[in-house]
A.B. asks: 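Here it is, the structure, as structure tokens.
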2 protein chains.
Amino acid sequence: MVENAVQGDAEGTPPEGRAPRPDLAEMVMPLLRTLMAAEQPVLDAHGLTMWAYAVLLHLDETPIRTQAALAEAIRADKTRIIAVLDDLENRGLIRRRPDPKDRRARLLSLTTEGLRLRDSVQSAIQQGEEQRLLSQLPDEDRETFLRSLRTLSALAEQEASGTARDTARRPGRA
Amino acid sequence: MVENAVQGDAEGTPPEGRAPRPDLAEMVMPLLRTLMAAEQPVLDAHGLTMWAYAVLLHLDETPIRTQAALAEAIRADKTRIIAVLDDLENRGLIRRRPDPKDRRARLLSLTTEGLRLRDSVQSAIQQGEEQRLLSQLPDEDRETFLRSLRTLSALAEQEASGTARDTARRPGRA
DNA sequence: TATTGTTATACTCTATAACTATA
DNA sequence: TATAGTTATAGAGTATAACAATA
């Protein structure tokens, strides 16, 4: 039975025999691994963990009023980011002060220095991404790829936050 | 709380303030998380772990002569896949027999049943991917996206295997 | 002696549960 | 009493190191 006539996909013969394409996760996983491996030295050079960088990124985007909200936003456990916030605060990269209106909550914000650090780290990281990976794509493909990735990522976050909300939801009345 | 003014994703205003685009990892990470979350129920339904599925996928692609090679191919520790192989073998999904030419090594191959299972699982997974995510992309973007992802994934694997080889290499003479 | 596979151990990462303070 | 944050503990996942068989 010759059930897999190779379909002339891009240009060469596809490495695997059966499915017309690999699973998305099968392609995305090694990509992420390499991306993170490439980030690591940059982060190390600035004394940042991956979680710390995630915090800097997200605080820059949207100022946040509780640590729990920040944790959920970056998909971390609320107990996990505490040490991270301690460190960032001690190094003057973020501010963390009790909300006057509800002193249980902590108002979180970036300091100027934190924002500057975030800038230079992100710049270095994105430069590496361009040089190592994106530059290998034809220009018109690159644009489309980035736009599509952005769309899919947003969709993915939607689904994730949806299920997260479902999990967190207690049986309230209607 | 008015924290989520819907962002005009496609071409509207970018959600974050500084960089023209998010880091790749920042986009790829949630995508992978959602992909894996979507795979999980399918795998569960067939009694497969993620690693077991990876093994089935890779054995289908390229028959392999040692467990160590298989482990490296799917980026797992060689000690980790042993339990996985035990299970797959006991269930008759793979064959594992000593190489007559070197009885230290184990020849690994898919059984017919293993191949059939791999097929139906992969089919279900890819169907889910299409419905949940890929269908949201315009047709012409989708093709380009998949082709680009494939390219970048291959590049990433190259880099990874390169550094892996460096790590494994001992200082030889000359 | 070197290599393949295996088992046993230790370590890292992550989540769960218990505690303090504010409300 | 309920919630935000914190601390302490336990669990899952992973890698490291020692071992047996074969070369």
A.B. asks: Check whether E129(A) reaches the backbone of L24(B) with its side chain - one donor and one acceptor, N or O, closer than 3.5 Å.
C.D. replies: yes
A.B. asks: Counting only side-chain heavy atoms from C-beta out, which of dT4(C), dT16(C), dT6(C) sits nearest to D77(A)?
C.D. replies: dT16(C)
A.B. asks: dT4(C) C1' sits how many Å from L108(B) CG, rounded?
C.D. replies: 12 Å
A.B. asks: Side chain of T66(A) only, heavy atoms from C-beta on: which candidate in dA4(D), dT6(C), dT7(D) is closest?
C.D. replies: dA4(D)
A.B. asks: Want to settle it: does A105(A) or D86(A) sit nearer the 5' end of DNA chain D, counting the closest nucleotide to each?
C.D. replies: A105(A)
A.B. asks: Between dT3(C) atom P and Q67(B) atom CD, what is the distance in whole Å?
C.D. replies: 17 Å
A.B. asks: Could you give the CD1-to-P distance, from I82(A) to dA15(C), as a whole number of Å?
C.D. replies: 13 Å
A.B. asks: Is any side-chain nitrogen or oxygen of R96(B) closer than 4.0 Å to OP1 or OP2 of dT6(C)?
C.D. replies: yes
A.B. asks: Does T79(B) have any side-chain hydrogen bond (donor to acceptor under 3.5 Å, both in side chains) partners at least two apart in sequence or in another chain, and if so, which?
C.D. replies: D77(B)
A.B. asks: In whole angstrom, give the distance that lies between atom CD1 of I81(B) and atom P of dG13(D).
C.D. replies: 17 Å
A.B. asks: Identify the heavy atoms of A25(A) and P30(A) that sit nearest to each other, and give their distance.
C.D. replies: O-CD, 4.2 Å
A.B. asks: Say whether, by atom type as modelled, one donor and one acceptor occur between the side chain of E159(B) and the main chain of T34(A) under 3.5 angstrom.
C.D. replies: no
A.B. asks: Atom CD1 of I64(B) and atom C1' of dG5(C): how far apart are they, to the nearest Å?
C.D. replies: 15 Å
A.B. asks: Taking for each residue the nucleotide of DNA chain C with the nearest heavy atom, is it A76(A) or P100(A) whose nucleotide lies nearer the 5' end?
C.D. replies: A76(A)
A.B. asks: Roughly, in whole Å, what's the span from CD1 in I74(B) to P in dT14(D)?
C.D. replies: 12 Å
A.B. asks: Would you please name every residue forming a side-chain hydrogen bond (donor to acceptor under 3.5 Å, both in side chains) with R142(B), sequence neighbours left out?
C.D. replies: D139(B)
A.B. asks: Using 4.0 Å as the upper bound for N to carboxylate O, is an ion pair formed by E157(A) and R75(A)?
C.D. replies: yes
A.B. asks: Run the side-chain hydrogen bond (donor to acceptor under 3.5 Å, both in side chains) test against Q122(B) and tell me which residues pass, sequence neighbours left out.
C.D. replies: D23(A), R118(B)
A.B. asks: List every contact pair, protein side and nucleotides 10-13 of chain C side both N or O, where the distance is under 3.5 Å.
C.D. replies:
none

A.B. asks: Quick check on the hydrophobic clustering: are L107(A) and L59(A) connected, directly or via other members, by side-chain heavy-atom contacts under 4.5 Å?
C.D. replies: no
A.B. asks: Just the atom pairs and distances: protein N or O near nucleotides 17-22 of chain C's N or O, under 3.5 Å.
C.D. replies:
none

A.B. asks: Show the atom names and distances, to 0.1 Å, of all donor-acceptor pairs under 3.5 Å that link a side chain in residues 81-91 of chain B to residues at least two apart or in another chain.
C.D. replies:
residue : atom : partner : partner atom : Å
D86(B)  : OD1  : R96(B)  : NH2          : 2.4
D87(B)  : OD2  : R91(B)  : NH1          : 3.1
E89(B)  : OE1  : R96(B)  : NE           : 3.3
E89(B)  : OE1  : R96(B)  : NH2          : 3.1
N90(B)  : ND2  : D86(B)  : O            : 3.2
R91(B)  : NH1  : G47(B)  : O            : 2.7
R91(B)  : NH2  : H46(B)  : O            : 3.0

A.B. asks: Rounded to whole angstrom units, what separation is found between the CE atom of M50(B) and the P atom of dA12(D)?
C.D. replies: 17 Å
